[in-house]
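Everything below concerns the one structure shown next.
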Protein chains: 2
Amino acid sequence: MQDSISSIDLKILKQLQDDCSLTAAQLADRIGLSQSPCWRRVNRLEQEGFIHKRVALLDAEKLGMDVVVFCTVNLSVHGRQSLEEFEEAVRRLPEVTECYTMTGTMDYMLKIVTRDIRHYEQFVRTFLSQMPGIQEIHSNVAVTTIKNTTALPLDTQLD
Amino acid sequence: MQDSISSIDLKILKQLQDDCSLTAAQLADRIGLSQSPCWRRVNRLEQEGFIHKRVALLDAEKLGMDVVVFCTVNLSVHGRQSLEEFEEAVRRLPEVTECYTMTGTMDYMLKIVTRDIRHYEQFVRTFLSQMPGIQEIHSNVAVTTIKNTTALPLDTQLD
DNA sequence: GCTGAAACCGATAGGAA
DNA sequence: TTCCTATCGGTTTCAGC
């Protein structure tokens, strides 16, 4: 699925995943190109889907939403039905910001963001524990954020 | 640390954390306000730090960077020195996109993004295993992404 | 505080090198 | 392809409410 992508496109992507509020001229400056071709490339990258969306990252602490819990879940019933029910519910719940199926002993890994531990507790009770087929839930609470970035490690693409 | 924030500001933040490429007019439309005050609010929210930054989210799959591993680490030496060394290293490494200190039995939770499992293996060998004071490393590999959003669950603020 | 309009500046597209 | 230029539209400011 990996389309070929030029090193100049990579430079553009690296800049934009750090700051997408740059003007075309600023971006062009930083990568050593002039505005028009730079802008054209950005457009192409968007149309081809390399750039998925542009979002504002908010300050979780200032907004009082800085409790992060990693939660692993096992389902006892592995029928297609209960899996899809679970996944659909997960997609609907805004507190679940990430969810993956996993190798190994757990079925799902969830990243959950809430206002405080009590709210998390409530979330587990009213949602997770209610889901059919849930066997085990392990909650791992984060204390301090050392690093948190949405930037993909594109540097390692070039090797 | 939670400053008071009006429900109209919350509407703005909810829109922008979903799409920050909206023009001031479009944004104003969606929240039922006109351009000037809307723009003023966005500016204030930025200056006050509620909006941290604006970034482009890239398509990890198209870029061949879609292996996600959650990795828990225990350090055997808990001196301030080795902790800060570890954390500083983590901040420098682009493959580590998130890192938290944790309650419970593990010291750190890392989210690591790489091109493939072999590259992850290499990453663990050349970085993680080399770090002084590392006692245990557990790698949990994600298979499928069910959900992945950067949007904070602001809906639950209002209760 | 919000509204509306006016001025400015950058984004966008076309054409020449 | 990139560069240059003209137009168009958004951003930003300000006076009035």
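For the pair S82(A) (side chain) and G133(A) (backbone), a donor-acceptor distance under 3.5 Å is absent. At distances below 3.5 Å, not a single donor-acceptor pair connects side-chain atoms of D18(B) with backbone N or O atoms of V55(A).
To the nearest angstrom, P of dT12(C) lies 7 Å from CG of N43(A). Atom CH2 in W39(B) sits about 14 Å away from atom P in dC9(C), given to the nearest Å. For the pair Q26(A) CD and dG10(C) C1', the interatomic distance rounds to 10 Å; values are reported in whole Å. If you take CD1 of I12(B) and P of dG1(C), they are 12 Å apart, rounded to a whole angstrom. Distance, D9(B) CG to dG1(C) P: 10 Å, rounded to whole Å. Per the geometry, CD belonging to Q35(B) stands 10 Å off P belonging to dT3(C), to the nearest Å. Rounded to a whole Å, the CZ atom of R41(A) is 17 Å from the P atom of dT12(C).
In this structure, the side chains of L128(A) and F86(A) come closer than 4.5 Å at one or more pairs of heavy atoms. Looking at L58(B) and I51(A), their side chains come closer than 4.5 Å, going by heavy atoms from C-beta outward.
Between the side chain of S36(A) and the base of dA13(C), a donor-acceptor pair under 3.5 Å is found.
Within a 6.0 Å radius of CD in Q81(B), other residues, nucleotides and ligands contribute 12 heavy atoms or fewer.
Residues satisfying the side-chain hydrogen bond (donor to acceptor under 3.5 Å, both in side chains) criterion with E88(B), sequence neighbours excluded, are R91(B).
Bounding nucleotides for the chain A contact on DNA chain D, 5' to 3', at a heavy-atom distance below 4.0 Å, are dT2(D) to dC4(D).
Map A24(A) and P37(B) each onto its nearest nucleotide of DNA chain C; the residue landing nearer the 5' end is P37(B).
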